[in-house]
There are 2 protein chains.
Amino acid sequence: MASAASDIGRMARKLASIASLTDAERQAIEALPLTVRIFEPGEDIVRDRDRPSHCCLLLSGWGFRYKVLPDGKRQILSFHIPGDVPDLQSLHLQVMDHSLGVTTTSSVGLIPHEALREMTRRFPGVAAIMWRDTLIDAAIFREWMTGIGRRTAHGRIAHMLCELYLRLHAVGLAEGFRCDLPITQIDIGDALGLSNVHVNRVLQDLRGRGLIMLRGRSLAIEDWSALTKVAEFDPTYLHLVRPRVN
Amino acid sequence: MASAASDIGRMARKLASIASLTDAERQAIEALPLTVRIFEPGEDIVRDRDRPSHCCLLLSGWGFRYKVLPDGKRQILSFHIPGDVPDLQSLHLQVMDHSLGVTTTSSVGLIPHEALREMTRRFPGVAAIMWRDTLIDAAIFREWMTGIGRRTAHGRIAHMLCELYLRLHAVGLAEGFRCDLPITQIDIGDALGLSNVHVNRVLQDLRGRGLIMLRGRSLAIEDWSALTKVAEFDPTYLHLVRPRVN
DNA sequence: CGAATACTTGAGTGGGGTCAACGCAAGTGG
DNA sequence: CCACTTGCGTTGACCCCACTCAAGTATTCG
């Protein structure tokens with residue numbers, strides 16, 4: 001099906017942004033079987049303690065991984081954009097230690113573990129790239145941890161905006177320092193260990209200082225250089241093959 | 001060399017704590033070439049931005065990974081105990097995005113990337129287990145992130161003590177709720193996003209309430225059940241094959 | 001156009017930070 | 001074997017960043 005082929009092409013494009021793919025490898029990826037499902041905000045794709053038999057390729061919309069503490073506090077662990085496979089880890093960790101949800105109506109392609117395993121057997125190069133993908137995932141966790149532990153609220157928020165723009169840019173989903181940002185201020189707070197109230201005040205400050213424009217779900221970075229300075233942003237940790245902003 | 005064989009046996013034991021190994025796989029691991037080096041506290045094994053050609057197997061002592069922000073603030077990302085390969089990721093991420101140091105005089109076995117790659121080619125099962133190891137690494141990052149972002153200082157510290165004891169126990173380095181804890185209160189603070197002053201006060205409180213005994217570098221957990229309660233500790237995220245405390 | 005959800009603003013508060021001083025133990029070297 | 005140093009642990013006083021609570025104002029969507 002033409003639509004399915006182009007759908008899974010997103011995954012190839014994502015992987016190509018972090019490593020180089022041979023034609024054979026790209027074809028192997030594009031031959032993966034895919035069952036498409038739509039998820040609505042509030043719905044979980046996978047839940048804490050599940051034992052999934054598929055991985056989820058995000059085709060459109062945004063996903064996020066999160067944990068909920070006994071007292072109801074939520075920590076968002078990562079945001080995911082089209083092309084990402086947020087639960088690739090489930091290939092080797094049977095039990096989910098967190099949940100996976102969506103922030104907007106999203107289209108998700110389910111890929112059976114068995115198909116992925118078969119591909120890694122036949123194409124060890126793809127296995128290495130997928131391993132690399134999960135390692136970059138971990139590198140982003142490390143950077144977030146550093147932010148939450150040691151950065152000010154201003155630094156954390158600025159840093160997150162820089163990261164998201166760069167990741168969107170790397171897969172062709174942002175250009176000219178503009179992008180969609182389909183997440184609420186509550187989400188941002190839960191991702192950065194802040195209250196929504198404080199997120200709001202900091203965003204207003206960043207707007208007031210002319211660093212960003214943010215209305216509704218649309219972000220424009222008006223002064224990239226100043227924003228990266230506030231964020232102390234260094235993109236090394238994203239391990240992109242071509243880490244350019246424009 | 002007999003000593004080298006038993007040294008690298010630590011790695012096999014560690015991997016056996018998170019997955020089952022066949023005899024052939026265990027032998028392949030034990031055949032890995034190893035150059036042993038001693039590191040002193042304050043010395044770095046690998047530095048941010050390095051491009052290592054070896055991985056480091058920790059043989060004795062404790063290691064830790066960390067980032068330093070421009071203003072000098074330090075965030076410790078993980079602690080590592082004998083049997084761990086803290087920079088396994090460097091096999092697929094050329095540039096280090098953080099540093100690796102030791103808290104005590106430590107003995108480290110350097111394994112050439114090429115030897116590891118050769119092993120993954122010949123033993124895809126070992127490759128899968130090492131991949132799994134890096135995934136558990138990431139799972140621990142997620143749990144720490146959640147702690148730093150959403151737990152109180154008491155919860156964070158209690159949680160860390162539970163985790164470290166369980167990991168030591170899993171590789172046979174702790175028994176009877178007692179273990180060495182060769183890290184300073186400054187280290188704990190830098191790991192959990194707290195000041196050393198506050199770490200000190202919380203530790204005193206935990207001692208005063210009879211949950212732990214901590215003198216010098218030796219920890220005894222006097223009330224495991226109460227400590228896990230304060231920590232809201234659930235070991236699922238460690239993905240141990242046999243997650244028992246005793 | 002009502003209902004829900006997100007965003008905004010203000011006032012008051014507290015957990016944990018900072019600063020500074022001191023105790024104590026383990027080197028270390030003369 | 002003692003004087004000096006160094007690093008870690010401990011304590012007190014003060015304070016601020018970010019939280020909580022609460023109420024009001026857009027948006028969005030059926």
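Source: prediction; values computed, not measured. Reminder, nothing fancy here: chain letters follow the sequence lines and each chain counts from 1.
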Check your understanding: Are any of the side-chain nitrogens in B:Asp97 or B:Arg65 under 4.0 Å away from the carboxylate oxygens of its partner?
Key -> no

Point to revise | Residue pairs fulfilling salt bridge (Lys or Arg N to Asp or Glu O under 4.0 Å) with at least one residue in residues 218-230 of chain B, sequence neighbours excluded | key: none

Review point. Side chain to side chain donor-acceptor pair (under 3.5 Å) with A:Ser17: which residues, sequence neighbours excluded?
Key: none

Exercise for review: Not counting sequence neighbours, which residues clear salt bridge (Lys or Arg N to Asp or Glu O under 4.0 Å) with B:Asp180? List them please.
Suggested key: none

Check your understanding: Bend across the helix from C:dC1-D:dG30 to C:dG30-D:dC1, to 10°, with axes taken over 5 pairs at each end?
Key -> 50°

Practice item. Write down the distance between CG (B:Asn196) and P (C:dG17), rounded to a whole number of angstrom. Key: 9 Å

Point to revise | Protein-nucleotide distance (A:Gln204, atom CD; C:dT8, atom C1'), rounded to Å | key: 6 Å

Point to revise | Whole angstrom value for the distance that separates C1' of C:dA6 from CD1 of A:Ile188 | key: 12 Å

Practice item. For B:Arg178, check salt bridge (Lys or Arg N to Asp or Glu O under 4.0 Å) against everything at least two apart and list the hits. Key: none

Practice item. Can you tell me the distance, in whole Å, between the CD atom of B:Glu40 and the P atom of C:dG27? Key: 13 Å

Point to revise | Residues that B:Arg217 engages under salt bridge (Lys or Arg N to Asp or Glu O under 4.0 Å), provided they are two or more places apart | key: none

Check your understanding: Taking any atom under 4.0 angstrom from a heavy atom of chain A, which nucleotides of DNA chain D are the first and last to qualify, 5' to 3'?
Key -> D:dA18 to D:dC21

Short heteroatom pairs, N/O only, protein and nucleotides 11-16 of chain C, under 3.5 Å:
residue, atom, partner, partner atom, Å
C:dA11, N6, A:Arg201, NH2, 3.2
C:dG16, OP1, B:Ala153, N, 3.2

Exercise for review: Just jot down the ring-ring contact (aromatic ring centres under 6.0 Å, His included) partners of A:His159, sequence neighbours excluded, or say none.
Suggested key: A:Phe233, A:Tyr237

Revision key, fill the gap. Residues pairing under salt bridge (Lys or Arg N to Asp or Glu O under 4.0 Å) where one sits in residues 162-171 of chain A, two or more places apart or in two chains, turn out to be A:Asp84-A:Arg167, A:Glu163-A:Arg167

Point to revise | Residues forming a ring-ring contact (aromatic ring centres under 6.0 Å, His included) with B:Phe64, sequence neighbours excluded | key: B:Tyr66

Practice item. Using salt bridge (Lys or Arg N to Asp or Glu O under 4.0 Å) as the criterion, list what pairs up with A:Arg201, not counting sequence neighbours. Key: none

Exercise for review: Give me the one residue out of B:Thr103, B:Ile81, B:Val102 that meets side chain to side chain contact (heavy atoms under 4.5 Å, CB included) with B:Pro182.
Suggested key: B:Thr103

Review point. Within less than 4.0 Å of OP1 or OP2 of C:dT5, is there a side-chain N or O belonging to A:Gln185?
Key: no

